[in-house]
Asks: 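Questions regarding the structure given below will be posed in turn.
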2 protein chains.
Amino acid sequence: MDTFNALAEPNRRRLLEAIRQEPCTVNMLVTRSDLSQPAVSKHLKYLREAKLVVVKPDGQKRWYSLNPNPLKEIEEFLEPYRQLSLNRLDALEQQDSSAIQKLTQIN
Amino acid sequence: MDTFNALAEPNRRRLLEAIRQEPCTVNMLVTRSDLSQPAVSKHLKYLREAKLVVVKPDGQKRWYSLNPNPLKEIEEFLEPYRQLSLNRLDALEQQDSSAIQKLTQIN
DNA sequence: CGTAAATATACCTATATCGTTATATAACTG
DNA sequence: CAGTTATATAACGATATAGGTATATTTACG
C-alpha cells in the first residue's frame with residue numbers, strides 16, 4: 001500500500017485525522033469512528049504499510065502516532081500543479097468576477 | 001471516482017502529468033504511455049469523472065486538458081499536516097544532523 | 001460510397017480491498 | 001489460574017478496478 005492508495009480511502013483519512021490530533025490506541029479509534037475493531041485494525045495495517053503511522057506497544061495497548069514524512073510524496077506530486085489553478089484564480093479574483101464564474105463552473 | 005482515487009493509480013498520475021504539460025489527444029497519450037488505447041480511454045473516463053480533465057471534441061479527435069481545481073481538495077486535506085514534518089525537519093537540519101537521521105529512518 | 005482513423009464501450013479475467021464474523025494471541029486482573 | 005481486555009488475523013462474500021481483446025461509433029478522405 002503506497003501513500004496515494006492509503007489516502008484514497010475516506011475512513012482511512014478520518015483515522016489519520018484522529019491520529020494527527022493525538023496518538024491513539026485502537027480502541028480510541030473504534031470509539032471515534034463507526035467502524036468495527038477489525039476494520040480499524042485492518043486500516044491501520046495499511047497506514048503502517050504506507051508508513052503514515054508508527055506504533056508503540058504499551059502493555060496490551062498499541063499507541064498509533066502520525067509519521068507525516070510520506071506526505072511529502074503527495075506534496076511533490078502536487079507541486080507542478082500549484083501555479084495553475086490557485087494562482088490563476090487568485091489573479092482573476094482581482095479583476096473580473098464573471099470570468100471566475102466561467103472557470104469555476106467547470107469544477 | 002473521486003479526486004483521491006483518481007490520483008491513486010500510477011498510470012493515471014502519469015497521464016495527468018502529460019496532460020498538464022499540454023493538452024493531449026487520446027492517441028498522443030497512447031503513444032507516450034505503454035498502455036493500450038482502451039486502457040487510456042478508460043483512465044481518461046475516471047479522470048473525467050473526477051473532473052481533473054476536460055474534453056474538447058475536434059472532429060474525430062478529443063483534446064483532453066487539465067482542470068486543476070479538484071486538486072484543492074487534496075491541498076486542503078494536506079494543510080493541517082504541513083506544519084508537522086516539513087517544518088520540523090527544516091528546523092532540525094539547522095542544528096543536529098544525527099537527530100535528522102533518527103527521524104528520517106522512521107520513513 | 002467505402003475504407004481508414006480516432007475514440008469509446010462491452011466483455012472477460014485476475015486481483016485488490018471493503019466490511020463482517022469468528023477466532024487467535026497477548027497482556028492485565030482478581 | 002481463570003476470566004477479561006486489547007489487538008491482530010483468518011476466512012468469506014460483495015464490489016471495484018486494472019488490463020486485454022473485440023467491437024461499435026463517429027468522422028475524415030479518396
Side-chain angles (χ1 to χ4, degrees), chain A residues 1-19 21-67 70 73-74 77, chain B residues 1-19 21-67 70 73-74 77:
Chain A
M1 176 80 48
D2 67 5
T3 317
F4 283 95
N5 274 289
L7 297 181
E9 221 285 328
N11 283 318
R12 228 147 33 214
R13 289 200 295 277
R14 288 185 208 111
L15 292 175
L16 204 63
E17 286 289 309
I19 295 171
Q21 313 220 13
E22 58 173 340
C24 294
T25 66
V26 179
N27 250 340
M28 288 167 69
L29 294 168
V30 171
T31 304
R32 294 170 192 189
S33 67
D34 52 354
L35 294 170
S36 67
Q37 178 266 312
V40 169
S41 279
K42 202 190 276 185
H43 283 305
L44 289 172
K45 183 183 178 182
Y46 294 130
L47 291 173
R48 260 183 281 137
E49 281 180 32
K51 302 186 183 178
L52 282 164
V53 297
V54 288
V55 203
K56 189 188 168 200
D58 172 24
Q60 30 181 189
K61 296 180 183 173
R62 302 293 147 96
W63 288 95
Y64 280 85
S65 53
L66 179 71
N67 174 28
E73 189 189 352
I74 315 279
F77 171 80
Chain B
M1 177 80 46
D2 67 4
T3 317
F4 283 95
N5 274 288
L7 297 181
E9 220 287 325
N11 283 319
R12 229 149 31 215
R13 288 200 296 277
R14 290 185 206 109
L15 292 174
L16 204 63
E17 287 289 309
I19 296 171
Q21 313 221 12
E22 58 175 339
C24 295
T25 66
V26 179
N27 251 340
M28 291 167 68
L29 293 169
V30 171
T31 303
R32 296 170 192 190
S33 67
D34 53 353
L35 294 169
S36 67
Q37 178 266 313
V40 170
S41 279
K42 202 191 275 187
H43 283 304
L44 288 172
K45 182 182 178 184
Y46 294 131
L47 290 174
R48 261 183 280 135
E49 282 180 31
K51 302 186 181 177
L52 283 163
V53 297
V54 289
V55 202
K56 189 188 167 198
D58 171 26
Q60 30 179 192
K61 295 180 183 172
R62 302 294 146 94
W63 288 95
Y64 280 85
S65 53
L66 179 71
N67 174 27
E73 190 189 351
I74 315 278
F77 171 80

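Sequence lines set the chain letters: A, B, ... in the order given, protein chains first and strands last, and positions in each chain run from 1.
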Asks: Keeping the roles fixed (side chain from A:Asn67, backbone from A:Lys51), state whether a donor-acceptor pair exists under 3.5 Å.
Replies: yes
Asks: Between P on C:dC18 and CD on A:Glu49, what's the gap in Å once rounded to a whole number?
Replies: 11 Å
Asks: Once rounded to the nearest 0.5 Å, what's the spacing between atom CD1 of B:Ile74 and atom CZ of A:Phe4?
Replies: 8.5 Å
Asks: Can you tell me the distance, in whole Å, between the CG atom of A:Asn5 and the P atom of D:dT17?
Replies: 12 Å
Asks: Please give, in whole Å, the distance from C:dT9 C1' to B:His43 NE2?
Replies: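 My rounded result for the distance is 15 Å.
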Asks: Taking atom CD of A:Gln21 and atom CG of A:Leu66, what is their separation to the nearest 0.5 Å?
Replies: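 So the CD of A:Gln21 and the CG of A:Leu66 are separated by 11.0 Å.
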Asks: Can you measure B:Asp58 atom CG to D:dT26 atom P for me and round it to whole angstrom units?
Replies: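 Whole-Å distance recorded here is 17 Å.
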Asks: Out of C:dC18, D:dA6, D:dT9, which nucleotide sits closest to the side chain of A:Glu9?
Replies: C:dC18
Asks: A:Trp63 has an atom CH2; how far is it from atom P of D:dA6, in whole Å?
Replies: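 That distance rounds to 12 Å.
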Asks: Rounded to whole Å, please give me the gap between CG in B:Leu7 and P in D:dA18.
Replies: 12 Å
Asks: Please list, one pair per line, the donor and acceptor atoms closer than 3.5 Å that link side chains of residues 22-29 of chain B to other protein atoms, with sequence neighbours excluded.
Replies:
{"from": "B:Glu22", "atom 1": "OE2", "to": "B:Arg32", "atom 2": "NH1", "distance (Å)": "3.1"}
{"from": "B:Glu22", "atom 1": "OE2", "to": "B:Arg32", "atom 2": "NH2", "distance (Å)": "3.2"}
{"from": "B:Thr25", "atom 1": "OG1", "to": "B:Met28", "atom 2": "N", "distance (Å)": "3.2"}

Asks: Search all heavy atoms of B:Asn11 against all heavy atoms of B:His43 and return the closest pair with its distance.
Replies: CB-NE2, 4.1 Å
Asks: OP1 or OP2 of C:dA8 less than 4.0 angstrom from a side-chain nitrogen or oxygen of B:Tyr46, does that happen here?
Replies: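 False: B:Tyr46 side-chain N/O out of range (4.0 Å or more) of C:dA8 OP1/OP2.
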Asks: Judged by atom type as modelled, is there a donor-acceptor pair below 3.5 Å linking the side chain of B:Arg12 to the main-chain atoms of B:Leu7?
Replies: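 Side chain of B:Arg12 to backbone of B:Leu7, a donor-acceptor pair under 3.5 Å: no, none is there.
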Asks: Separation of B:Leu47 atom CG from D:dA18 atom P, in whole Å?
Replies: 10 Å
Asks: Give the nucleotide from the list C:dA6, D:dA6, D:dA8 with an atom nearest to the side chain of A:Asn27.
Replies: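 For the A:Asn27 side chain, the nearest candidate turns out to be D:dA6.
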Asks: Taking atom C1' of D:dT9 as reference, at what distance in whole Å does atom CZ of A:Arg48 sit?
Replies: 11 Å
Asks: Measure across A:Asp2 and A:Asn5 and return the closest heavy-atom pair with its distance rounded to 0.1 Å.
Replies: OD1-N, 2.8 Å
Asks: So which of residues 10-17 of chain B are in contact with DNA chain D, with a heavy-atom cut-off of under 4.0 Å?
Replies: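 The stretch gives B:Asn11, B:Arg12 as the residues lying under 4.0 Å from the strand, ordered by number.
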Asks: Which heavy atom in B:Ile19 sits nearest to a heavy atom in B:Val53, and how many Å separate them?
Replies: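 It is CD1-CG1, 3.9 Å.
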Asks: Touch check for B:Met1, heavy atoms < 4.0 angstrom, all strands: base, sugar-phosphate only, or nothing?
Replies: sugar-phosphate
Asks: For a quick check, tell me whether the side chain of B:Gln60 and the base of D:dA28 share a donor-acceptor pair closer than 3.5 Å.
Replies: no
Asks: Under 4.0 Å from any atom of DNA chain C, heavy atoms only: list the residues of residues 30-41 of chain B that qualify, in numerical order.
Replies: B:Gln37, B:Pro38, B:Ser41
Asks: Assess whether side chain to side chain contact (heavy atoms under 4.5 Å, CB included) is satisfied between B:Tyr46 and B:Glu9, documenting all intermediate values.
Replies: CA-CA 10 Å; B:Tyr46 294 131; B:Glu9 220 287 325; over 6 Å; no
Asks: In terms of the nearest nucleotide of DNA chain D, which residue is placed more toward the 5' end: A:Lys61 or A:Lys42?
Replies: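 Taking each residue's closest nucleotide, the earlier one in sequence belongs to A:Lys61.
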